[in-house]
Amino acid sequence: MSLPISDDAASTRTSLSLAPLAGVLDNLEHGVVLVDAGDRECFTNSAAERLLGADAERGLISREMRSVSRTALMHGGRPAEAEVATRKARYRVRATMLPSRIQEMRSRAVLVTIVRASAELPSVERLMQRFRMTAREADVALLLARGRRNTAIAAELTISIHTARHHTESVLAKLNVHARSEVSRVIDEGFAARHDCAR
């Protein structure tokens, strides 16, 4: 999502107030959160409140929002995207820089959109069959698709961090990806492609 506001002529225009922008954002059907350069959520629209409030793992989603915000800030404002999955649902999170001339923003800020992804994650058995994974690799793949880090995977599966790291590397190799953030997408595409071929 991009805002109809550009920084191109920032020096020739007066500063904008956040209040009218907040009013517009609050009427959108997508979840929108403004995150400042200090990693603080400074505005959350009604759709985001409903979406986040309905998920017990809101903290996991918030952590991913802050992560994509930092990525957008570090890469000169290029949009950053990620997927995060909780036990209840999967979400797509996208961060875009806001113009620096908004009055209430003392430093750079990022607009983060959150939408619920429609597809559900497959079962361990289906992952094992489709990607030739062991049962433990499939467990790890599902946790990676939900945005878990190696320490969380180790704790949840009661294995060592070293073992979690080893399984993560194996899953990434079997899915032919280099980043854990790609696991959810590749799993989706793998099952979508198989479904299309069955038609």
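Every heavy atom of this structure was used, including side-chain atoms; hydrogens, water molecules and symmetry mates were not.
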Side-chain contact test, heavy atoms from C-beta onward, threshold under 4.5 Å: evaluate it for E156 versus L143 and give yes or no. yes

Step by step, work out the side-chain contact (heavy atoms from CB on, under 4.5 Å) result for L172 and H178. CA-CA 6 Å; L172 296 180; H178 299 289; over 6 Å; no

What one should report as the nearest heavy-atom pair of F131 and I187 is CZ-CA, 4.1 Å

When every non-hydrogen atom of A141 is compared with those of L127, the smallest separation belongs to CB-CD1, 4.1 Å

For the residue pair R94 / T96, report whether a side-chain donor-acceptor contact shorter than 3.5 Å exists. yes

To the nearest 0.5 Å, atom CG of N45 lies from atom CG of N27 at 9.0 Å

Over all atoms of both residues, closest heavy-atom pair of M133 and V171: CE-CG1, 4.1 Å

Give, for atom OG1 of T113 and atom CG of L111, the distance between the pair rounded to the nearest 0.5 Å. 7.0 Å

H166 side chain to H162 backbone, donor-acceptor under 3.5 Å: no

Could you tell me the separation between the OH atom of Y91 and the OG1 atom of T86, rounded to the nearest 0.5 Å? 4.5 Å

Measuring from T168:OG1 to R148:CZ, what's the distance to the nearest 0.5 Å? 13.0 Å

Going only through I, L, V, M, F, W and Y residues with side-chain contacts under 4.5 Å, is there a path from L28 to F43? yes

When every non-hydrogen atom of L157 is compared with those of R136, the smallest separation belongs to CD2-NH1, 3.4 Å

Which distance, rounded to the nearest 0.5 Å, do you find between the CD1 of I161 and the OG1 of T151? 6.0 Å

Tell me, do V33 and I114 make a side-chain contact under 4.5 Å, heavy atoms counted? yes

Please identify each residue that fulfils side-chain hydrogen bond (donor to acceptor under 3.5 Å, both in side chains) with R40, with sequence neighbours left out. D36

Taking all non-hydrogen atoms of both residues into account, name the closest pair between A145 and V183 and its distance. N-CG1, 4.0 Å

Restricting to salt bridge (charged side-chain N to carboxylate O under 4.0 Å, His left out), what partner residues turn up for R149, sequence neighbours left out? none

Within-4.5 Å side-chain heavy-atom neighbours: R180 and N150: yes

Output, in order, the C-alpha distance, side-chain angles, deciding distance and verdict of side-chain contact (heavy atoms from CB on, under 4.5 Å) for I159 and H167. CA-CA 10 Å; I159 57 178; H167 286 312; 4.2 Å; yes

State, to 0.1 Å, how close V112 and S69 come at their nearest heavy-atom pair, and which atoms those are. CG2-OG, 3.3 Å

Salt bridge check: are E137 and K174 linked by an N-O gap of less than 4.0 Å? yes

Return all side-chain donor-acceptor pairs below 3.5 angstrom for residues 59-67, not counting sequence neighbours, or 'none' if the list is empty.
unit_1	atom_1	unit_2	atom_2	d
S62	OG	E41	OE2	3.3
S62	OG	R58	O	3.3
R63	NH2	G147	O	3.2

Kindly compute the distance separating CG (D139) from OG1 (T134), expressed to the nearest 0.5 Å. 8.0 Å

